[in-house]
Peer 1: 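Dumping the structure here so I can ask a few things about it.
Lettering of chains follows the sequences in order, A, B, ..., and the numbering in each one begins at 1. Only this structure's heavy atoms are used, side chains among them; waters, hydrogens and symmetry mates stay out.
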Protein chains: 2
Amino acid sequence: MSERIVLIEDDRELGAQIVAHLSRAGYQVELKTEGTFPIPADFQGVSLVILDLMLPGLGGMDILKHLRTFSDVPVMVLSARNNTSDKVRALKMGSDDYMTKPFWPEELVERVRARLRRPNLQKTGPLTVAGVCLDASRRTATAGGAGIELTRVEFDILASLMRRPGEAVTRQWLVANVLDPDKDSSERTLDVHVSHLRRKLGKENIIETVWGIGYRAGKGGSR
Amino acid sequence: MSERIVLIEDDRELGAQIVAHLSRAGYQVELKTEGTFPIPADFQGVSLVILDLMLPGLGGMDILKHLRTFSDVPVMVLSARNNTSDKVRALKMGSDDYMTKPFWPEELVERVRARLRRPNLQKTGPLTVAGVCLDASRRTATAGGAGIELTRVEFDILASLMRRPGEAVTRQWLVANVLDPDKDSSERTLDVHVSHLRRKLGKENIIETVWGIGYRAGKGGSR
DNA sequence: TTCATTCTTAAGATTATCTTAATCCTGACC
DNA sequence: GGTCAGGATTAAGATAATCTTAAGAATGAA
């Protein structure tokens, strides 16, 4: 069983070439040549997405943006555009790498390997920890069966914790990655959001403080 | 407190420039201008290493190779060499990214952000010595199967000892690396933490005193 | 624009943790 | 066994991290 990669590439020749190289390296590749809206089902169990930005129909950036609403799968962007602002935009939008065309397939394969040798824990389905359940694609949450309303930041904090149940997530990481990264917000701000979250979760509160480190969703001590 | 990045760059001007950009983005950067052998202590708690390959003394590749013998910290390589075989070699050797000089600092900053927004799971499995088990990512500890609550310093002391089972770790090292580095605390303080640790470990106590040196986790004599 | 929502900051209260100081204990050496 | 330096323990004050509340700033929709 090998890792699954989705390649979104309209240039059939280049696409076939990339597929060939990645297959030879032992990966299972699905080639999509149409720029259509991504749907969650297509990305279940996928370890990596390689996305060409220059698509005729739906732009690559739109695909990336939409994909990120429901999935954290690593995305490598391919593009002929080699200027910094394009790269910065794609990376800001949530891509993990940006390769400029033309490139040698050997480099692509190595970058894929480098990416996949690190464990990635993207989850596409609903996240559940104890009595709390999050649906990333709908951005809805329930606690003890009852729906609760979360703001963007609250949702993202809780999702970040629940993606790695039991693990301690540092305050710095949450501040840098959940709050607006361009303004450096204080850790007090994070406290406030967590405080609100806990109140909304009520008796289903699953957020533990890890003193001196950060927070954790779900029991860490008992295992 | 922010995430720590180590930048290994011999070109002082470029180094200073990168430091400035990363600092502005909220990271805590340590610049090393010498190509010396990396030692584990310098990379404790470091989230990312940025390594320039073209160093006069020890080559960047050697540093990378040696670093990988004891650490899984993400490494971004910078290099003036733009050919595929160099890139492939660096990626194969365990680097996570490869940026070709010259580049715009904005792109570097975004790549750093993209890298660090993914949780940095150092692949450290749980540490086990005798009946004591530590999980670094969860920050949890068990002794004889039962969970125990450790404070930050207690956890870090115990982890430092258990990372080198049977080896004596000096008191000075522990004071300098585990206790708050901004204040130089006395060795008496360390005693107190060790005392607390021992009490919490109870009959599973694995901390031995090495008279005149420091401490050791697990049997020294029998191994 | 205006309003409603969300995000952020400030300040004080609260608590866990760290450190110090004082005292007692232990092992090495004579 | 006595001595002494290094180590252990305890309790208590100092410090630092976190929580909460409330209010101001930003954002976005109508």
Side-chain angles (χ1 to χ4, degrees), chain A residues 65 139-141 148-161 168-202 205-217 220-221, chain B residues 1-2 26 45 139-141 148-161 168-203 205-217 220-221:
Chain A
K65 194 173 182 180
R139 293 190 79 81
T140 56
I148 52 176
E149 298 273 326
L150 299 182
T151 68
R152 183 195 73 81
V153 173
E154 286 162 6
F155 188 94
D156 287 343
I157 291 173
L158 188 53
S160 301
L161 297 176
V169 180
T170 66
R171 306 168 72 82
Q172 302 96 279
W173 190 91
L174 290 166
V175 168
N177 293 283
V178 175
L179 307 183
D180 189 338
D182 285 325
K183 41 177 61 174
D184 46 39
S185 315
S186 84
E187 298 191 1
R188 297 304 115 246
T189 304
L190 178 64
D191 296 351
V192 175
H193 289 300
V194 170
S195 170
H196 292 159
L197 258 174
R198 281 171 166 158
R199 184 187 299 167
K200 290 184 181 179
L201 291 172
N205 175 36
I206 53 170
I207 304 180
E208 286 181 8
T209 299
V210 185
W211 257 81
I213 304 293
Y215 299 94
R216 159 168 61 210
Chain B
M1 197 169 79
S2 59
R139 288 231 139 215
T140 56
I148 53 177
E149 300 271 327
L150 300 182
T151 70
R152 184 191 71 80
V153 172
E154 286 163 7
F155 189 95
D156 289 342
I157 290 173
L158 187 53
S160 302
L161 298 176
V169 180
T170 65
R171 307 167 70 82
Q172 300 94 290
W173 191 92
L174 289 167
V175 169
N177 291 280
V178 175
L179 304 185
D180 188 339
D182 289 328
K183 40 178 57 175
D184 45 40
S185 317
S186 81
E187 297 191 3
R188 296 301 115 243
T189 303
L190 179 62
D191 295 349
V192 175
H193 289 300
V194 170
S195 168
H196 292 159
L197 258 173
R198 282 171 165 157
R199 182 191 300 170
K200 289 184 181 180
L201 291 172
K203 54 168 32 178
N205 174 36
I206 53 170
I207 304 181
E208 285 181 9
T209 300
V210 185
W211 196 268
I213 305 292
Y215 300 94
R216 159 169 61 212

Peer 1: Base, sugar-phosphate alone, or nothing: which one does B:Val192 contact when heavy atoms must sit under 4.0 Å apart?
Peer 2: base
Peer 1: A:His196 NE2 to D:dC19 P: how many Å, rounded?
Peer 2: 13 Å
Peer 1: Can you check each nucleotide of nucleotides 25-30 of chain C against protein heavy atoms at under 4.0 Å and return B for base, S for sugar-phosphate only, - for none, in 5' to 3' order?
Peer 2: -B----
Peer 1: Could you tell me if the side chain of B:Thr189 sits less than 4.5 Å from the side chain of B:Val175, heavy atoms only?
Peer 2: no
Peer 1: Between A:Leu190 (CG) and C:dT8 (P), how many Å, whole number?
Peer 2: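 So the two atoms are 10 Å apart, to the nearest Å.
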Peer 1: Flag the pair A:Tyr215 / A:Leu190 as yes when at least one side-chain heavy-atom distance between them is below 4.5 Å, and no otherwise.
Peer 2: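 The answer is yes; the side chains approach within 4.5 Å.
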Peer 1: Rounded to whole angstrom units, what separation is found between the NE2 atom of A:His193 and the C1' atom of C:dT6?
Peer 2: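 Roughly 8 Å, once rounded to whole Å.
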Peer 1: Please classify the nucleic acid contact of B:Phe155 as base, sugar-phosphate, or nothing, using heavy-atom distances under 4.0 Å.
Peer 2: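 Counting heavy atoms under 4.0 Å across all strands, no contact is made by B:Phe155.
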Peer 1: Quantify the bending of the helix from C:dT1-D:dA30 to C:dC30-D:dG1 as the angle between its end axes, each fitted on five pairs, to 10°.
Peer 2: 40°
Peer 1: I'd like to check the side-chain contact (heavy atoms from CB on, under 4.5 Å) partners of B:Val192; sequence neighbours left out, ordered by chain and number.
Peer 2: B:His196
Peer 1: Could you check if a side-chain atom of A:Asp156 sits within less than 4.5 angstrom of a side-chain atom of A:Asn177, using non-hydrogen atoms only?
Peer 2: no
Peer 1: Got a second to check how far B:Leu197's CG is from B:Ile157's CD1, nearest 0.5 Å?
Peer 2: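 Going from CG on B:Leu197 over to CD1 on B:Ile157, the span is 6.0 Å.
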Peer 1: Any side-chain N or O of A:Arg198 below 4.0 angstrom from OP1/OP2 of D:dC19?
Peer 2: yes
Peer 1: Just by distance, with hydrogens left out, do B:Arg139 and A:Thr170 show a side-chain donor and acceptor under 3.5 Å apart?
Peer 2: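 The answer is no; no qualifying pair exists.
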Peer 1: What is the distance from NZ of B:Lys200 to P of D:dT10, rounded to the nearest Å?
Peer 2: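 Spelled out: NZ on B:Lys200 to P on D:dT10 is 14 Å.
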Peer 1: Has the side chain of B:Asn205 got a donor or acceptor atom that lies under 3.5 Å from a matching backbone atom of B:Leu201?
Peer 2: no
Peer 1: Starting at the 5' end of DNA chain D and moving along, which residue's nearest nucleotide shows up first, A:Thr209 or B:Ser195?
Peer 2: B:Ser195
Peer 1: Measuring from atom CD1 of B:Ile148 to atom CG of B:Leu158, what distance do you get when rounded to the nearest 0.5 angstrom?
Peer 2: 7.0 Å
Peer 1: Check this one for me: any side-chain N or O of A:Arg152 less than 4.0 Å away from OP1 or OP2 of C:dT6?
Peer 2: no
Peer 1: Rounding to a whole Å, what distance do you find between B:Arg216:CZ and D:dG7:P?
Peer 2: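 For the pair B:Arg216 CZ and D:dG7 P, the rounded distance is 14 Å.
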Peer 1: Whole-Å distance between D:dC19 C1' and A:Ile207 CD1?
Peer 2: 13 Å
Peer 1: Output yes when a side-chain donor or acceptor of A:Arg216 lies under 3.5 Å from a complementary backbone atom of A:Val210, and no otherwise.
Peer 2: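 Looks like no, no N/O pair under 3.5 Å.
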Peer 1: Find the distance B:Glu149:CD to C:dC18:P and express it as a whole number of Å.
Peer 2: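 That distance rounds to 13 Å.
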Peer 1: Look at A:Arg171 and D:dT18 and indicate whether a side-chain polar atom (N or O) is within less than 4.0 Å of OP1 or OP2.
Peer 2: yes
Peer 1: Return the value, rounded to whole Å, for the distance between atom OH of A:Tyr215 and atom C1' of D:dA17.
Peer 2: 9 Å
